[in-house]
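Next up is a structure, given as structure tokens.
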Amino acid sequence: MQNHTFGIWHVTNSTIIFFSTFGAVLLCGAAVFHLFAQNRMLRQRMGAIQDHTSDILRDLTHLRLCVENTSDGILLQDLKGRILWCNNAYCDIMKVLRSDIIGRNPLEFALPDNARLPPEVIEAFEYDKSDEQLKKLQLFRNQRGDGSLFWNQLSVAFQTGSDGRDYAILICRDVSTQVEREHYLEDLSGRLEHEATHDNLTGVPNRAAFLDFIETALKEDRDGSVGLLHVDLDNFKTINDTHGHSAGDAVLRHTAQTIRSSLRKSDLVARIGGDEFVVVCLGSESLDYLEAVGQRLLDALSTPLTWSDRSLLSEASIGAAQSEAGCMNAEDLLNKADFALYEAKRSGRGCIELYDAALHNRHAIEMQLAADLAEAIDTGAIDFWFQPIKNLWNDQIVGFETLARWVHPDTGRVYSPAEFLPVVEDIGLLGELDMISMLTALEKKASLAASGFPDMRMSFNASPELLAHPDFINRLIWAVEASNLDRHQITIEVLETNNFGDAAETSSQGAIIRDLKQAGFRVFLDDFGVGFAGLSHLATLDLSGVKIDRSLVSCILTDDVSFKIVRKAIELCNDLSIAIVAEGVEDETTAKTLQKMGCSLIQGYWVSRPLPASDVVPWLAEDSAPRVRIS
Ligand code: C2E
Ligand code: CA
Ligand code: CA
């Protein structure tokens, strides 16, 4: 046995052997343990790698699932645009085989035939990675393999691969349905916009578009160079009535075209009412310039239109006004052109009138008159006078007609209805005025009864505005009932020149006449003989009587034709048992002649001029012999 000394350790061989062996065992153990541990680590690592690999595989599977099953086409391209790979959806969208397109630039086959690029352009193609535009969604009209076209929405992204090369990833989507719907909606809104701003019949801009245009023009008007022509057809109603509405429509279309083709491109023509057109001339230097344009239009419109073998001529009247620099709105300018048009109509039609200084003065006076009249109607300052009607057979006064008079509050001048009624009509107050006339007539009728004249009849004039007033009949009946009046002694005079429509008995005014008659009132046709369709109205309207117009009556002694017409009219009315009153009888001979013709009722200066309300009872109470009074 050997002894060994290891430092402080003093050991024998056997001990060494023992320790060596023990050491070896320990070492082995440690090694085994180490191996074991390493193995475990390896296994753990392997597990992790396996997990990672299966994650990658799973991701790849998912990726593939997505890429292959998305409805969007996906392309992988190099920067020259050559296809390296594509998914099935791309082939489906493009209707191409994958094998046919790999290696090709879509520019070669995806553009429509008429938009194909030359080979050298395609050859030179290269994506510009810095082009921000490419990253946005873009829309292209593309062509499929079968030749059909579709809307392709594209987006491009650039990516550098693990090989260090740059690639373009292209996503395509067939958005034809959406784009076509969008186009349809755009088209529809365009059509709606056109319809909202254009006249259906003539195709020219309508009133709303005209107002828009002129407001803008006037806002930008620095030197008073906006000219406005208001064009109104003179005999449009006659064309409509004689040839029918289709002819009327043809005339309106023809007028619009004729005006349009007589103007410069920058001028506007619009239809703003039935037979009313306006023309806006930009850069109009003066009224003289407008006069020349207007004259050109009148000349062009004086050529008749041939329609269904008929020659239709509808000449026009024109009113022209020029803007004043920077201080005008459309309404002002239109008012002025309107007033000038009114003048053109007054001075014989078929001509152009300019709104110049003289017309401006007249306009100012009429506007003042209109304001004064509106106030007079509002404050009940219109007066009503009464003209008697006499029965020639018994020399008795049988009734009165109510006639409006207006005494101007400042000047004291008495205005006749002929002077102020057109203005009242223009400001839309004729219905109001007639309502006052009606109530005044009924009041007078009641006061006459109270003064000992209970059988006196009372007439009042009813304009179309009164007849159309929704309260007319109710208020009439209410007032008659309130004063306990006999309805049969109340006469409503309607003008023969009223528009009763083609079928008078079915028109709304015809219906009102029937209602009035049914309610027990008398309805007379006024001014008989001056309208066009007097006889036809006699046949169709259920009338109580007619009043023969003064223009016929006043010349029966001098004009044979008037004599014959009046005689026939009286004969006809007597045959039809319709009452007849001759108006405007100014002398005894005329009265006697009418009596011989069979007319019993007369009205006129020979009996009396219209009387102020306070003179009526004294006049009746006086000797009833015919006399002439001055009003
Ligand atoms: P009208 O209904 O035909 O009334 C008769 C007109 O002839 C009255 O004119 C009267 O003064 C006038 N006259 C009567 N006898 C003679 C005569 O012998 N010789 C001449 N030269 N004239 C005579 P006025 O009062 O000026 O009325 C004119 C027209 O105004 C009336 O004609 C009527 O249509 C209308 N009118 C009058 N007042 C009203 C009213 O309150 N409402 C409506 N809507 N119209 C009215
Ligand atoms: Ca009358
Ligand atoms: Ca009359």
Side-chain angles (χ1 to χ4, degrees), residues 373 376-377 380-390 397 399-407 414-444 457-469 472 490-498 509 522-531 534 543-557 566 569 579-591 594 601-613 626-631:
L373 267 170
I377 293 167
I382 301 284
D383 225 357
F384 291 93
W385 291 21
F386 301 90
Q387 189 177 33
I389 298 166
K390 187 186 186 78
I397 299 302
F400 287 84
E401 176 180 4
T402 313
L403 295 162
R405 293 287 178 276
W406 180 45
V407 184
V414 182
Y415 282 82
S416 79
E419 290 173 284
F420 68 82
L421 287 184
V423 184
V424 176
E425 187 181 358
D426 271 359
I427 56 178
L429 292 177
L430 193 51
E432 285 307 309
L433 179 110
D434 280 356
M435 194 68 90
I436 302 171
S437 160
M438 173 185 94
L439 296 173
T440 310
L442 300 180
E443 225 175 87
K444 193 68 192 165
R457 289 177 175 160
M458 189 57 72
S459 302
F460 62 89
N461 293 287
S463 60
E465 285 82 348
L466 179 68
L467 295 180
H469 198 298
F472 165 48
I490 309 297
T491 303
I492 296 107
E493 296 188 10
V494 297
L495 284 177
E496 199 213 350
T497 42
N498 270 0
Q509 292 193 15
R522 285 155 43 102
V523 182
F524 272 52
L525 193 60
D526 207 351
D527 293 359
F528 182 73
V530 290
L543 295 161
S544 321
V546 299
K547 296 183 83 172
I548 308 182
D549 192 63
R550 181 163 59 89
S551 59
L552 281 173
V553 173
S554 63
C555 44
I556 53 169
L557 301 180
V566 171
I580 185 154
V581 178
E583 291 183 315
V585 179
E586 293 188 353
D587 56 83
E588 193 172 353
T589 324
T590 306
L594 287 162
L601 300 173
I602 60 160
Q603 183 179 346
Y605 292 175
W606 183 64
V607 179
S608 169
R609 286 188 178 240
L611 301 160
R627 78 210 75 180
V628 175
R629 294 181 56 120
I630 308 301
S631 68

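Counting starts at 1 for both ligands and their atoms, in listed order. As the structure is a computational prediction, the values presented were derived from the model and not from experiment.
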Exercise for review: Looking only at distances, please establish whether an N/O atom of ligand 1 is found under 3.5 Å from an N/O atom of A404.
Suggested key: yes

Point to revise | For atom 30 (O) of ligand 1, closest protein heavy-atom neighbour | key: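 Of the protein heavy atoms, P417 CB, 3.4 Å lies nearest.
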
Review point. Going by heavy atoms, is G584 under 4.0 Å from ligand 1?
Key: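 G584 counts as a contact of ligand 1 under the 4.0 Å cut-off.
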
Review point. What is the nearest protein non-hydrogen atom to atom 4 (O) of ligand 1, stated with its residue, atom name and distance?
Key: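 Of the protein heavy atoms, L403 CD2, 3.6 Å lies nearest.
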
Exercise for review: Starting from atom 15 (N) of ligand 1, locate the nearest protein heavy atom and write down its residue, its atom name and how far away it is, to 0.1 Å.
Suggested key: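 Here the closest protein heavy atom is Q387 NE2, 3.0 Å.
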
Exercise for review: Please assess E465 against E432 for the test side-chain contact (heavy atoms from CB on, under 4.5 Å), listing each intermediate value before the final yes or no.
Suggested key: CA-CA 8 Å; E465 285 82 348; E432 285 307 309; over 6 Å; no

Practice item. Determine whether the side chain, the backbone, both or neither of R550 has a heavy atom under 4.0 Å from any heavy atom of ligand 1. Key: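 For R550, the contact with ligand 1 is made by the side chain alone.
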
Study note, to complete from the structure: heavy-atom search around atom 36 (N) of ligand 1 in the protein gives L421 CD1, 3.6 Å

Study note, to complete from the structure: Tested for side chain to side chain donor-acceptor pair (under 3.5 Å) against Q603, the lone hit among K547, K390, R550, E583 is K547

Exercise for review: Measure from atom 17 (C) of ligand 1 to the protein's non-hydrogen atoms and state whether any distance is below 4.0 Å.
Suggested key: yes

Review point. Looking at F386, is K444 sitting on its ring face, NZ or CZ under 6.0 Å from the six-membered ring centre and within 45 degrees of the normal?
Key: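 Yes, K444 lies over the aromatic ring of F386.
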
Study note, to complete from the structure: The atoms of ligand 1 lying under 4.0 Å from a heavy atom of E586, numbered in the order shown, are 17 (C), 18 (O), 19 (N), 20 (C), 21 (N)

Practice item. Quick one: look up the protein heavy atom nearest atom 13 (N) of ligand 1 and list residue, atom name and how far away it is. Key: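 That would be Y605 CE2, 3.9 Å.
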
Point to revise | T402 N/O to ligand 1 N/O under 3.5 Å | key: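 No - when backbone and side-chain N and O of T402 are compared with those of ligand 1, no distance drops under 3.5 Å.
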
Check your understanding: So, do I556 and L594 sit near enough that their side-chain heavy atoms are less than 4.5 Å apart?
Key -> yes

Practice item. Mark the output for E401 as yes if a heavy-atom distance to ligand 1 is under 4.0 Å, and as no if none is. Key: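 Heavy atoms of E401 do come under 4.0 Å of ligand 1.
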
Point to revise | Close-contact set for ligand 1 against G604 heavy atoms, below 4.0 Å | key: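 Under 4.0 Å from G604, ligand 1 has these atoms: 15 (N), 18 (O).
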
Exercise for review: Side-chain contact test, heavy atoms from C-beta onward, threshold under 4.5 Å: evaluate it for W606 versus T590 and give yes or no.
Suggested key: no

Check your understanding: What distance separates F420 CZ from D426 CG, expressed to the nearest 0.5 Å?
Key ->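 Spacing of CZ (F420) from CG (D426) equals 14.0 Å.
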
Review point. With side chains defined as the heavy atoms from C-beta onward, is the minimum distance between S463 and L466 less than 4.5 Å?
Key: yes

Review point. For the atom pair OH (Y415) and CG (L373), what is the distance rounded to the nearest 0.5 Å?
Key: 8.5 Å

Check your understanding: For the atom pair OG1 (T491) and CG (N461), what is the distance rounded to the nearest 0.5 Å?
Key ->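 One finds 11.0 Å between OG1 of T491 and CG of N461.
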
Practice item. Would you check if F384 and L403 make a side-chain contact, meaning some heavy-atom pair closer than 4.5 Å? Key: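 In short, these two side chains do not touch, never coming nearer than 4.5 Å.
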
Review point. Considering all protein heavy atoms, does one lie under 4.0 Å from atom 32 (O) of ligand 1?
Key: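 Under the 4.0 Å cut-off, atom 32 (O) of ligand 1 has no protein heavy-atom neighbours at all.
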
Exercise for review: Decide yes or no for I580 and F528: does some side-chain heavy atom of the first lie under 4.5 Å from some side-chain heavy atom of the second?
Suggested key: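 Answer no - side chains too far apart.
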
Check your understanding: How about R405 and P417: do any of their side-chain heavy atoms sit closer than 4.5 Å?
Key ->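 Yes. Closest side-chain heavy atoms under 4.5 Å.
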
Point to revise | Nearest-0.5 Å distance that lies between atom OG1 in T440 and atom CG in D434 | key: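 The OG1 atom of T440 sits 10.5 Å away from the CG atom of D434.
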
Point to revise | Contact (N/O only, under 3.5 Å) between N461 and ligand 1 | key: yes

**Study point:** Region of Q603 that comes within reach of ligand 1 [heavy atoms, distance under 4.0 Å]
**Key:** neither

Check your understanding: Which heavy atom of the protein is the closest neighbour of atom 42 (N) of ligand 1, given with residue, atom name and distance?
Key ->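 Its nearest protein heavy-atom neighbour is D434 OD1, 2.7 Å.
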
Point to revise | Sub-4.0 Å atoms of ligand 1 with respect to non-hydrogen atoms of S437 | key: 41 (O)

Practice item. Mind checking the CZ-CG spacing from R522 to L543? Nearest 0.5 Å is all I need. Key: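 Those atoms lie 11.5 Å apart.
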
Practice item. To the nearest 0.5 angstrom, please state how far the CZ atom of F460 sits from the CD atom of E493. Key: 9.5 Å

Review point. What are the atoms of ligand 1, with element, lying closer than 4.0 Å to any heavy atom of D527?
Key: 3 (O)

Check your understanding: Does a side-chain heavy-atom distance below 4.5 Å link M458 with L442?
Key ->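 No, every pair of side-chain atoms sits at 4.5 Å or beyond.
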
Practice item. Answer with yes or no whether K547 contacts ligand 1, where contact means a heavy atom under 4.0 Å from a ligand atom. Key: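 Contact check K547 vs ligand 1: negative.
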
Check your understanding: Among all protein non-hydrogen atoms, which one is nearest to atom 11 (O) of ligand 1, and what is the separation to 0.1 Å?
Key -> P610 CG, 3.4 Å

Point to revise | Proximal protein heteroatoms (N, O or S) of the Ca ion (ligand 2), under 3.0 Å | key: E401 OE2, N461 OD1, E493 OE1, D526 OD2

